[in-house]
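Notes to accompany the following structure.
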Protein chains: 2
Amino acid sequence: MTNATRPDDLERQVAARLAERDARFTQSRRHVVRFLDTADGPISASGLHAGLDGAVPLSSLYRTLSVLEEAGILAREHDADGTARYELAEWLTGHHHHLVCVRCGAIEDVEIDAEAETEMTGLVARIAARRGFSATGHRIDIEGRCPACRSQ
Amino acid sequence: MTNATRPDDLERQVAARLAERDARFTQSRRHVVRFLDTADGPISASGLHAGLDGAVPLSSLYRTLSVLEEAGILAREHDADGTARYELAEWLTGHHHHLVCVRCGAIEDVEIDAEAETEMTGLVARIAARRGFSATGHRIDIEGRCPACRSQ
DNA sequence: TTCCTTGCAAACGATTTGCATTGGA
DNA sequence: TCCAATGCAAATCGTTTGCAAGGAA
């Protein structure tokens, strides 16, 4: 998923968010943010490690990821294997859902129609309320076979 | 979530499915199936271990869980912490979604209206097709605060 | 009896942390 | 300068596996 605004804005927003927390916008953090900005779905720590060509050692990478996550800059989730995957938080990229290939495990971002999204939000609030929950959001994973895996 | 049919039917179906695979319906497997049948959401291995009062040692429990999962009797997913949680597969319980408390991590099963479900299925197929995916299913997590966590 | 299943202990792999060193504001 | 951030190595923790003993068909 691509940043919703100009490239510079993304880094400016991230820098500001980090500054609020007295955290520095260091090389590793910048590398991670830039890499995730070009990704089209959530990436694992080892995927990032490889994608950054080993520039950031794994232990430092994990520390970087947890700082960015705690600052609300990244969102973490877990794929079917239980491996953590990270992506830019929705206030930076816009609300979206995931297309998950049940065969190869690939995950891609997708957006759904605004009206469908509005309906979902209403539906979700109603269902939650029925159980005494106050809804704060929702997550939809569309499971299927990706183009490559469709042909077996 | 409660079994959709008579209690006996659940165990009969599980036994049959295991038999097809030349696997036995042993004590541990029966314990796990019974416990999950009374649960109202997916449970972790350690939750089961505790729930079964240590009757099944963890290593055996993990083996039990993977046999049942591979037989299609259980579905595995991962919670926000990345811990695996198990529940009876949907062909045994019916299609449903999850209500997830963003504060305490509790997960409860919920069903949504049949019409909403039908709409979702259509929407999902459309979105998937647009990306060259063939949709096989969908998963919705409703995030919110549970009754206990609502009051902080 | 025949294998599948179990249980213990050791092995694994993803993630985390202690500690001395480095680097950014 | 000064404290946050880094990198290495060791420690965790959930989960998996080797192997000998036990149990269901």
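Computed from a prediction, not measured in an experiment: that's the story for all the values here. All chains are named by letter (A, B, ...) in the order of the sequence lines, taking the proteins before the strands, and each is independently numbered beginning at 1.
Between the side chain of R63(A) and the base of dG18(C) there is at least one donor-acceptor pair of N/O atoms closer than 3.5 Å. For R24(B) against dC3(C), a side-chain-to-base donor-acceptor contact under 3.5 Å is present.
When the C1' atom of dA25(D) is taken as reference, atom CZ of F25(B) falls 15 Å away, rounded to whole Å. Put simply, CG on L48(B) is 15 Å from P on dG14(D), counting in whole angstrom units. A straight line from CG of L61(B) to P of dT5(C) spans 15 Å, rounded to a whole angstrom. In this structure, D79(B) places its CG atom 12 Å from C1' of dG14(D), rounding to the nearest Å. Atom CG of L58(B) is separated from atom P of dT6(C) by 14 Å (rounded to the nearest Å). Following rounding to the nearest Å, L65(A) (CG) and dT17(C) (P) show an atom-to-atom distance of 14 Å. With rounding to whole Å, H31(A) atom NE2 is found 11 Å from dG7(D) atom P. Regarding H49(B), its NE2 atom lies at a distance of 12 Å from the P atom of dG14(D), rounded to whole Å.
Contact annotation for S60(B): base contact, defined as any heavy-atom pair under 4.0 Å involving a base atom. Among the protein residues, S46(A) comes within range of no part of the nucleic acid, since none of its heavy atoms lies under 4.0 Å from any strand. Across all strands shown, R29(B) has heavy atoms under 4.0 Å from sugar-phosphate atoms exclusively, and none from any base.
Residue Y62(A) places its side chain closer to dA14(C) than to any other of dA14(C), dC8(C), dG24(C).
For the side chain to side chain contact (heavy atoms under 4.5 Å, CB included) test with V32(B), the passing option among D37(B), T64(B), V67(B) is T64(B); the others fail. Here the rule is side chain to side chain donor-acceptor pair (under 3.5 Å) with H96(A), and of E87(A), E111(A), E108(A) only E87(A) fits it.
Not one side-chain nitrogen or oxygen of T64(A) sits closer than 4.0 Å to the OP1 or OP2 atom of dA5(D).
D113(B) contributes no side-chain N or O that, together with a main-chain N or O of A116(B), makes up a donor-acceptor pair within less than 3.5 Å.
The OH atom of Y86(B) sits 8.0 Å away from atom CG of L61(B), with the distance rounded to the nearest 0.5 Å.
Taking the six-membered ring for Trp and the full ring otherwise, H97(B) and H138(A) have centroids separated by 6.0 Å or more.
Closest-nucleotide positions on DNA chain D for S44(B) and V67(A) were compared, and the one nearer the 5' end corresponds to V67(A). Toward the 5' end of DNA chain C, the nearer of the two residues D22(B) and S59(B), judged by each one's closest nucleotide, is D22(B).
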